[in-house]
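Model, not experiment: these values are computed from the prediction.
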Amino acid sequence: QKLTPGRLANQWATIAMPAPLIKPQTVEELRAERDKVEKQMPCSVDILRRLCDASAIEYDEDRLLRRYEQLTWAIGD
């Protein structure tokens, strides 16, 4: 069989298919992760939001707050 650019692309796509980047999670799993993130926070979510608004938040606090808000959005709360 003649190797054409289209066939070569199809063969490459078959070889180079990556694994899924996102693992599906249930709402309960997402809530459990959000609770874990909240327990790692040095203060309440409201205080961290105020610090963020005032540009007075530390990197780790900001990371936790962003993850908390991402999980809240994904859950739909």
Side-chain heavy atoms of Arg34 within contact of Asp77, under 4.5 Å: yes
Heavy-atom neighbours of Glu58 CD exceed 12 at 6.0 Å: no
Heavy-atom pair of closest approach, residues Cys52 and Leu65: CB-CD2, 4.1 Å
Euclidean distance, Arg67 CZ relative to Thr72 OG1, rounded to 0.5 Å: 10.0 Å
pair Arg49-Tyr68: side-chain heavy atoms closer than 4.5 Å: yes
Arg50, CZ: over 12 other non-hydrogen atoms inside 6.0 angstrom: no
Worked verdict on Glu61 versus Arg63 for side chain to side chain contact (heavy atoms under 4.5 Å, CB included): CA-CA 5 Å; Glu61 295 167 342; Arg63 185 180 52 81; over 6 Å; no
Main-chain N/O of Thr26 paired to Glu29 side chain as donor or acceptor, under 3.5 Å: yes
Charged N-O contact under 4.0 Å between Asp35 and Lys39: no
Shortest non-hydrogen contact from Val37 toward Leu64: CG1-O, 3.5 Å
Side-chain touch Arg31/Glu33, heavy atoms, less than 4.5 angstrom: no
Straight-line distance of Leu48 CG to Glu38 CD, nearest 0.5 Å: 10.0 Å
